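Quantities reported herein were computed from a predicted structural model and do not represent experimental measurements. So you know, we letter chains A, B, ... as the sequences are listed, proteins then strands, and number each from 1.
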Amino acid sequence: MSNKCPVPFKGTKEQEQQLHEVIAKHKDQDGPLMPVLQEAQEIYGYLPIEVQKIISEGLNIPLEHIYGVVTFYAQFSLAPKGEYKIGVCLGTACYVKGSGDILNKIKEIIGIDVGECTPDGKFSLEATRCIGACGLAPVMTINEEVYGRLVVGDIPDILKKYMD
Amino acid sequence: MINLKINGTPVSVPAGTTILEAARQMNIDIPTLCFLKEINAIGACRICVVENRVNGVGRLVAACVFPVAEGMDIYTHSPMVLKARKQTLELILSNHEKKCLSCVRSGDCELQRLCNEYKVEKEDKFDGDVNFYEEDASAVHMVRNNNKCILCRRCVAVCEKNQAVSVIGANERGFATHIGSAFDDGLGLTSCVACGQCIVACPTGALAERDDTDKVWEALADPTKHVVVQVAPSIRVTLGEAFDMPIGTNVEGKMVTALKKLGFDKVFDTDLSADLTIMEEANELIDRVQKGGALPMITSCSPGWIKFCEHNFPDMIPHLSSCKSPQQMFGALVKTYYAEKNNIDPKDIVSVSVMPCTAKKFEVGRENQNAAGVPDVDISITTRELARMIKRAGLFFTKLEDSEFDNPLGIGSGAGLIFGATGGVMEAALRTAVETLTGEELGKLEFTDVRGTAGIKEASYKVGDLDIKVAVCSGLANAKELLKKVQAGEADYTFIEIMGCPGGCVNGGGQPFQPASVRNFEDLRAMRAKALYDTDAAMTLRKSHENPMIKELYDTYLERPGSHKAHELLHTTYVARNRFGEQ
């Protein structure tokens with residue numbers, strides 16, 4: 001049931017130093033948690049338990065309280081972005097053209113849910129709002145590459161290209 | 001004073017009074033699910049809505065947080081109110097695991113009672129998505145089933161505000177909102193102290209102690225086992241509540257009879273080992289004062305407090321008394337002294353305890369709690385579990401005759417008895433310390449400065465040549481405040497009593513449930529504590545050091561307080577823990 005990120009934490013000493021500076025900067029203001037979380041995510045790209053613990057000790061706020069805030073706001077991420085960032089458009093046009101099934105197939109193949117990253121750090125998965133390519137619906141993106149007019153059967157071959 | 005009308009009847013109440021409180025003064029109970037006085041006033045569950053009529057137009061407001069205003073016209077059970085409350089219940093049920101038949105809270109559930117009162121006829125009136133959560137059984141003392149959670153957040157409020165533990169909260173948002181720990185790790189991996197205050201605050205069956213009654217039934221049915229039970233001081237003044245007896249009824253005699261009828265081979269009294277704790281702790285305190293040991297010394301009876309200290313104040317561990325808790329001292333005596341005297345192999349003894357406490361379930365498994373090489377206590381059950389066993393055995397509890405504890409470990413003093421209330425350990429210790437150090441008999445045994453349900457109490461006493469400054473504290477948020485003062489050098493106490501639960505054991509996490517309608521308006525802690533103090537006042541044996549069994553134990557077995565043997569059997573060690581637990 002644990003929701004900890006399976007990708008090993010690769011934070012550096014420099015990043016930790018930066019985080020301590022951010023904490024020191026906001027510590028004595030009212031409501032320091034949100035700005036610290038925002039800046040922490042800028043430093044690390046996401047907010048794993050290692051980072052949340054440093055914030056918890058630095059601001060003297062219980063870890064659960066921090067986790068509650070992180071999971072409340074969609075903007076905060078518990079998982080890093082993968083080497084390949086997959087985005088499946090769930091905008092109206094794509095959705096009615098079956099992007100839900102596309103998303104499910106991707107989940108099935110790479111074994112992670114939306115907002116997660118595979119343990120090897122290769123793929124991360126996002127469900128996006130309309131990306132403005134409705135003419136190509138249903139659409140998904142992998143990094144800068146756009147794949148349109150997809151059917152579920154296309155997915156294994158597309159993902160295979162990125163798997164080696 | 002503010003003048004308003006409730007159901008057409010004029011009433012005057014002080015400004016700032018809520019509609020809920022004003023109605024209560026008129027003997028009208030407005031139902032609440034999320035509201036807990038002083039700690040959870042969030043107006044979220046909407047079950048307490050009442051009609052606030054302005055110029056003939058009614059509007060629903062949350063009575064628990066809505067303050068009265070001059071000229072208000074309030075209706076507490078108009079058609080509009082009844083319809084809204086019923087619909088709220090139906091909506092709660094639409095995403096609730098409705099397995100009432102097998103639910104531990106059936107018959108004792110605030111949601112179930114309200115559904116009955118508001119004539120909810122269809123459990124599935126609103127059909128829709130239903131959440132499913134895995135049960136969290138990772139902690140030794142309790143189980144969380146979020147499928148029965150109504151998100152009232154009472155548990156979150158007590159964990160944070162009363163206990164300063166803060167290991168549970170609301171995770172995710174919207175329909176996915178659920179109560180859990182950081183990263184949804186199980187509670188067992190956090191720095192939860194096992195106090196169980198969340199369980200007694202829960203209105204439904206989402207939270208429950210880990211039920212160990214099957215293990216007890218199994219032991220009782222095993223002819224090769226000698227099954228011994230000890231009962232903590234506070235149980236006798238709370239158990240009756242589980243049988244609809246008035247709060248604060250002392251049912252010691254019936255309780256002992258019930259335990260004998262359940263089949264325990266011996267029914268003993270933890271009051272005895274409370275007396276023993278006083279002897280050992282007083283000796284330890286005097287030793288520390290004379291030899292320059294770590295002061296203030298802090299009591300170690302409450303396993304929730306101990307775990308809190310280990311997680312959050314590891315540098316204060318040297319201040320903890322090395323005495324085992326009364327439960328563990330008793331277990332140690334059963335498996336050594338009692339076993340030897342009766343020629344029973346300690347391995348054949350099943351040592352059961354009935355405790356007001358869920359943290360005791362954690363304590364029995366701690367390191368260094370095995371005087372005879374086997375666990376001092378094998379199974380620890382709560383007051384609620386004992387009540388369940390009595391009901392399952394079909395005993396008419398309220399009609400049982402009285403009987404007395406068995407010998408030799410069934411004699412306790414009034415000093416041991418008052419351990420069940422905050423300040424009781426301190427008072428018991430003072431009774432013994434003053435007489436031991438001065439050699440004179442106390443004229444008045446009551447140390448009233450340390451009584452009462454205030455979170456932090458202080459007093460100074462002259463004991464012989466010693467000036468002793470004491471503090472008594474219950475509830476872990478209060479303990480945190482007090483310890484910070486001690487750490488900052490702002491307080492120079494000699495001796496501190498700390499109990500994990502607010503009010504002490506009488507308000508423990510294993511005690512019978514009382515609904516919010518009682519908890520918000522009655523002083524439960526004081527009513528239960530009064531029964532202990534009244535009983536003590538009527539006893540002739542009121543000092544630990546005068547307990548004949550204590551004298552016998554030291555004369556024939558333990559030599560003297562603090563002896564090598566006493567240390568081996570009755571003292572323990574602590575471990576520094578991380579503030580994040582295992583997370």
Trainee: Which heavy atom of A:L47 sits nearest to which heavy atom of B:F183, and what is that distance?
Mentor: O-CZ, 4.3 Å
Trainee: If you count the non-hydrogen atoms of other residues, nucleotides and ligands that lie under 6.0 Å from NZ in A:K122, is the total more than 12?
Mentor: yes
Trainee: Is chain B contacted by the side chain of A:E57, its backbone, both, or neither, given a heavy-atom distance below 4.5 Å?
Mentor: both
Trainee: Shortest non-hydrogen contact from A:S56 to B:R579?
Mentor: OG-NH2, 3.4 Å
Trainee: Where on B:I168 is there a heavy atom nearer than 4.5 Å to chain A: the side chain, the backbone, both, or neither?
Mentor: backbone
Trainee: Please flag which part of A:I66 lies under 4.5 Å from any non-hydrogen atom of chain B: side chain, backbone, both or neither.
Mentor: neither
Trainee: Kindly compute the distance separating OH (A:Y73) from CD (B:E172), expressed to the nearest 0.5 Å.
Mentor: 14.0 Å
Trainee: Are B:T177 and A:F72 close enough that some pair of their side-chain heavy atoms sits under 4.5 Å apart?
Mentor: no
Trainee: Going by heavy atoms in the side chains, are A:K53 and B:N578 under 4.5 Å from each other?
Mentor: no
Trainee: Would you please go through residues 81-113 of chain A and name the residues with a non-hydrogen atom below 4.5 Å from one of chain B, in numerical order?
Mentor: none
Trainee: Determine the minimum heavy-atom distance between A:L63 and B:A182, stating which atoms define it.
Mentor: CG-CB, 3.6 Å
Trainee: Could you tell me which non-hydrogen atom of B:K484 sits nearest to which non-hydrogen atom of A:N60, and how far apart they are?
Mentor: NZ-ND2, 4.4 Å
Trainee: Measure the spacing between OG1 of A:T71 and CG of B:D184 and express it to the nearest 0.5 Å.
Mentor: 7.5 Å
Trainee: Assess whether atom CZ of B:R173 is packed by more than 12 heavy atoms of other residues, nucleotides or ligands within 6.0 Å.
Mentor: yes
Trainee: Flag yes if more than 12 heavy atoms outside B:H96 fall under 6.0 Å of its NE2 atom; otherwise flag no.
Mentor: yes
Trainee: Mark yes when over 12 heavy atoms from residues, nucleotides or ligands other than A:K13 sit less than 6.0 Å from its NZ; otherwise mark no.
Mentor: no
